[in-house]
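Okay, so here's the structure we're looking at.
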Amino acid sequence: MKGGTFDQHFLVDAGYLDRIVAAADLDPDDVVLEIGAGVGNLTERLAQKAKKVIVIELDPALVRILHDRFDEVENIEIIAGDALKVDFPEFSKVVSNLPYSISSEITFKLLRHKFKLGILMYQYEFAARMVSQPNCKDYSRLTVDTCYFADASILMKVPKSAFQPSPEVDSAVVKLVPRPAPFEVKDQAFFMDFVAAVFSQRRKKLKNAILNTNHMLKIPSVKEVIARLPEDLMNKRAENLTPDELAHVANQIVNLKKLILAETKEQ
Ligand code: SAM
């Protein structure tokens with residue numbers, strides 16, 4: 001929740017609501033999860049096409065409005081609560097105009113679940129970081145983490161005027177298609193920490209970024225590990241490396257940690 005407002009900007013433009021529902025490509029077997037249903041404008045349209053829509057809404061006043069509006073509609077279930085805390089039900093698709101202050105946390109909570117497709121509205125700048133490419137200013141930890149879990153693309157930019165009240169920022173609808181990572185990751189937790197660490201020093205050469213963030217990474221004999229890693233990669237910067245290359249470096253560190261530990265035991 002931001003400033004006690006619950007991040008409430010309701011999408012009221014029928015054209016955009018219809019385009020979002022069309023992008024979800026719903027069939028009668030789909031169970032849709034909607035996070036932050038507001039007054040239910042998107043919910044109503046989703047329920048006309050899907051088997052079931054399950055909404056999670058935090059604001060008790062809106063939960064009451066949703067009950068008044070939908071209690072007679074058989075295929076809408078309303079869960080009152082914080083989407084960051086509630087256990088998600090099973091769903092095949094997630095379609096939401098998200099509360100922007102929890103964009104990152106909610107996206108990675110979603111991506112720990114199995115689903116076919118996400119059609120999600122974010123603040124435009126956030127969406128741009130999700131879908132960026134190496135060597136671009138928006139290329140970031142968020143880009144790499146997103147790429148690890150899913151294919152992401154921006155479907156449309158949505159102007160402030162499509163909402164009521166109008167937010168201060170533009171928005172974008174992102175299509176997320178979860179899939180196995182297109183590169184090998186030996187230790188997911190270490191890879192995530194590594195990406196967070198090196199992007200906190202995105203303009204430093206990787207060897208310096210690793211050294212400077214080793215309080216986070218806790219790589220034993222870190223200087224020796226760096227010395228054994230390919231020099232050309234160590235001289236590049238996180239912002240210039242593809243997710244694939246970053247995973248390769250993280251995997252090599254995982255291997256070297258084991259190797260150096262074994263060598264030390266032997267001595
Ligand atoms: N989907 C609606 C629409 O498009 O008109 C509302 C979108 S509004 C940007 C975000 C909604 O998320 C609000 O209804 C707000 O009350 C709700 N919300 C905020 N934080 C939440 C949370 N942690 N869990 C569930 N809902 C939340």
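Computed from a predicted structure; not experimentally measured. Just follow the structure's listing: the first ligand is 1, and inside any ligand the first atom is 1.
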Can you list the ligand 1 atoms lying under 4.0 Å from a non-hydrogen atom of [X]?
| X | result |
| --- | --- |
| E34 | 1 (N) |
| I56 | 25 (C), 26 (N) |
| L62 | 14 (O), 16 (O) |
| F10 | 3 (C), 5 (O), 6 (C), 14 (O) |
| H9 | 7 (C), 8 (S), 9 (C) |
| G81 | 24 (N), 25 (C) |
| F6 | 13 (C), 15 (C), 16 (O), 17 (C), 18 (N), 19 (C) |
| D59 | 16 (O) |

> Is there a donor in the side chain of T143 and an acceptor in the side chain of S140, or the other way round, less than 3.5 Å apart?
Replying inline: yes
Could you tell me if any non-hydrogen atom of [X] lies under 4.0 Å from any atom of ligand 1?
| X | answer |
| --- | --- |
| D82 | yes |
| I102 | yes |
| L98 | yes |

>> Below 30° counts as parallel, above 60° as perpendicular, anything between as tilted: where do the rings of F108 and F149 land?
In response: tilted
> What class does the angle between the rings of F88 and F91 fall in, given that below 30° is parallel, 30 to 60° is tilted and above 60° is perpendicular?
Replying inline: perpendicular
>> Using a 4.0 Å heavy-atom cut-off, which part of S96 comes near ligand 1: side chain, backbone, both, or neither?
In response: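 For S96, there is no contact with ligand 1 at all, from either part.
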> Should the proximity of D7 to ligand 1, defined as any heavy atom under 4.0 Å, be assigned to the side chain, the backbone, both, or neither?
Replying inline: backbone
> Is a salt bridge present between R69 and E44, judged by a nitrogen-to-oxygen distance below 4.0 Å?
Replying inline: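 Counted as a salt bridge, because a side-chain N and a carboxylate O are separated by less than 4.0 Å.
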>> I'd like to know if K51 and E90 make a salt bridge, using a cut-off of under 4.0 Å between side-chain N and carboxylate O.
In response: no
> Stepwise, does the side chain to side chain contact (heavy atoms under 4.5 Å, CB included) test hold for K207 with L211?
Replying inline: CA-CA 6 Å; K207 56 184 175 191; L211 274 180; 5.9 Å; no
Report, as yes or no, whether the 6.0 Å neighbourhood of atom [atom1] on [X] holds more than 12 heavy atoms from other residues, nucleotides or ligands.
| X | atom1 | value |
| --- | --- | --- |
| F10 | CZ | yes |
| K175 | NZ | no |
| R203 | CZ | no |

Does any N or O atom in [X] lie less than 3.5 angstrom from one in ligand 1, N or O only?
| X | answer |
| --- | --- |
| Q8 | yes |
| L84 | no |
| L42 | no |
| L11 | yes |

> K204: what forms a side-chain hydrogen bond (donor to acceptor under 3.5 Å, both in side chains) with it, not counting sequence neighbours?
Replying inline: none
>> As an exercise, state the distance from CD of E57 to CD1 of I78, rounded to the nearest 0.5 Å.
In response: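 These two atoms lie 10.0 Å from each other.
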